[in-house]
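Below, read A as the first sequence line, B as the second, and so on, with proteins coming before strands; counting in each chain starts at 1.
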Amino acid sequence: MNEFSWSRKDLLGIAELSAAEIGLILDTAESFREVATRPIKKVPTLRGKTVINLFFEASTRTRSSFEIAEKRLSADGLNFSSASSALVKGESLIDTALNLQAMAPDLIVIRHGHPGVPHMLARRVAAGVINAGDGAHEHPTQALLDAFTIRQAKGRIEGLRVAIIGDIEHSRVVRSNIHLLHKMGAQVVVAGPYTMMPAEIEALGVEVAHNLDDALRDADVVMMLRIQLERQGKSLIPSVKEYFNLFGLSRDRLKLAKDDVVVMHPGPMNRGVEIASDVADGPQSVILEQVSNGVAVRMAVLYLLSGVRGGEE
Amino acid sequence: MTSLIRGGRIVDPSQDLDGVQDLMMEDGAVVAIGESLEIPDDCEVFDAAGMVVSPGLIDIHVHLREPGHEYKETVASGTRAAASGGFTAVACMANTLPVNDCRSVTEHILREAENHGRARVYPIGSVSRGMEGKSLSAIGDMVAAGAVAISDDGLPVSNSELMRRALLYTRHYGIRVIQHAEDLDLSGDGVMHEGQWSTRLGLPGIPGSAEDVMVARDLILAADTLGKYHVAHLSTARSLQLVREAKARGLDVTCEVTPHHLLLTDEEVSKSGFSTDCKMKPPLRSVADRDALIEGLIDGTIDAIASDHAPHHPDEKDESFSCAPFGIVGLETTLSLCLDRLVRPGILSLSRLVDLLSWGPARALGLPGGTLAVGSLADVSVFDLDATLTIDRHTFVSRSRNTPFAGWQLQGRAVATFLGGEQVEAI
């Protein structure tokens, strides 16, 4: 597969991608990574293309990453965030979408708290739509940058054992990663408090470990997830302290994993809650590489999608 | 006035009848069934050769939205939709604005039905005043005005003591308490069935237990009170088993299921790409639940198929899956869906389906009709098992369009309905 065979208008999730498509995005990202090392970090690839960053949920990392990717590709980026968007004025989602479409953007990057909103948008607009996170559903560019980082650290994805620890139920990162890692031939084990484990997760082909130690044992990669004590006013765990005792990643416990294990975190991190500082800042951590790679991966996605035009509806 | 439906295949499970005969009606009642009945002078004749003639179909769970939400549906439009779908009677839920919790609202609905209705309308009063779950509505007054049951449908009766009181008090009137069985704490902010598909889609789930714990609680209360209890839109295997056991113990318990819970599962939310026409309460359940419900139809645990016709304006449904209101319409699709997907493949006999859509619901709520026995109400449905159709939401006579069945190609459809012996005007 090469860039000319890329045929998707949108990137809505990993679930619908083939291994070849994932491979193409990662390979393309590889070629963009070098741009960050130049004294003038800019290529003219997307000059004249308009990209709208539509963020209905607070985001620092992902939005900045997309913005930098757009600037490095010379695209014209425009930011809408929920505080300034028409949604607070009572405009329906559909009207917002149609209004944006009327401005003829080439691509729309959207983050929304509700699953399926990017899909709904993609059906209504001719612009390519990139899902930057929809509720607890998918966060495809995060999984792609994670895969890129794993490939960089390990040289491969196939055959690795990847442990994902934390609030599995509310994490879009987990879902996209499970799909991606399976498609690329890795094995996934998840662990977390049972109050944060979604129903029938085994149906997605993952192994569910009963405790952190079982999950860590022989892991090649450990991904820690951000923990929020409360969701919708419900306390899913009694306290931060209890959480760290049960599922927090300390240096001692990390010894259960393979010697060359790498530790990842999609951010934002709660030091001392899900991960000890000496692990987060330790030699096995690739957390900041994830952030750097995020820019290259998003450049690749923007580039590939900008070549495809059309609307489904 | 005399009229005759000639030469149709009369299917009437209340009399164990299935054969080609004529049906004679006079002054609103059935007067004769027989082969080659003599046609008197001034008799209107409807030729039903090749068609099925059944007791008028009754949908005991619809939302007519009047008063208060006329932009979604009215008594006039809803009963037209009923007639179009082969139904001669509907029981309408109390979650209107204002709530049907007193005589004046019940009377308003019945007056609209009298003036504009194309099907009989049986109002269901609310259990609690304003559906607030606190004090009992004016139940006796509403029954005197024509209410046939009480329900806070749309919301459950969460307070156990109130449910107990409702089951006790309704014994004076012999009417049923219809429960929308849902533990609101367990369903929480859920928008679809909790299972692998909610997990895949990242949508908050409504566990089956949200329904089951409520049904279990209510059955305990029904046993203690000797009350008459009905489970609306039952959707899980375990609730069905609870009802099955309660019936075996002799409790006066009935239940209904919807066509969508019989024909669709939670996977549909994914297949449809988050279509809000797959969002309703209770949610589309698992394959195992669906299979159990089919079993319940066959073994007689389920008393009725009811649509839970819940019209919503397209603008309201054109939202994110999380934000859109719960509910879909069903009056114009129920009969064809059941004929094509349950009877045609041989899952149900035609007679059993007619039972579930007429005699069963009539008995559950103690309504007139549901039978063509001589002397009974001359409400009749005529349908053609061979006619085909493609469900097209734009041709609905309902004011709303929210169906997950758009585009389905079906065989079997309503041809005509008769109310009190008179053919209901074609739409």
So CG of A:Asp134 and CZ of B:Phe321: to nearest 0.5 Å the spacing works out to 13.5 Å
Honestly, the part of A:Ile94 sitting under 4.5 Å from a heavy atom of chain B is side chain
Here the gap from A:Glu138 atom CD to B:Arg200 atom CZ, rounded to the nearest 0.5 Å, amounts to 11.0 Å
Check your understanding: Do B:Asp315 and A:Ser92 have side chains that get closer than 4.5 Å, going by heavy atoms?
Key -> no
- Answer yes or no: are there more than 12 heavy-atom neighbours, outside B:Arg238 itself, under 6.0 Å from its atom CZ? no
Honestly, the part of A:His119 sitting under 4.5 Å from a heavy atom of chain B is side chain
Closest non-hydrogen atoms of A:Ala199 and B:Glu194, given as atom of the first, atom of the second and distance, are CB-CG, 3.5 Å
Shortest non-hydrogen pair, B:Ser322 vs A:Pro115, comes out as OG-CD, 4.0 Å
The interface call for A:Arg175 against chain B, heavy-atom contacts under 4.5 Å, is side chain
Check: With a 4.5 Å heavy-atom cut-off, do A:Met120 and B:Asp318 have their side chains touching?
Finding: yes
_Under 3.5 Å: donor-acceptor pair, side chain of A:Arg123, backbone of B:Gly273_ = yes
Exercise for the section: Answer yes or no: is there a side-chain heavy-atom contact under 4.5 Å between B:Glu319 and A:Leu93? Expected result: yes
> Considering only heavy atoms from C-beta outward, does the side chain of A:His137 approach that of B:Phe274 to under 4.5 Å?
Replying inline: yes
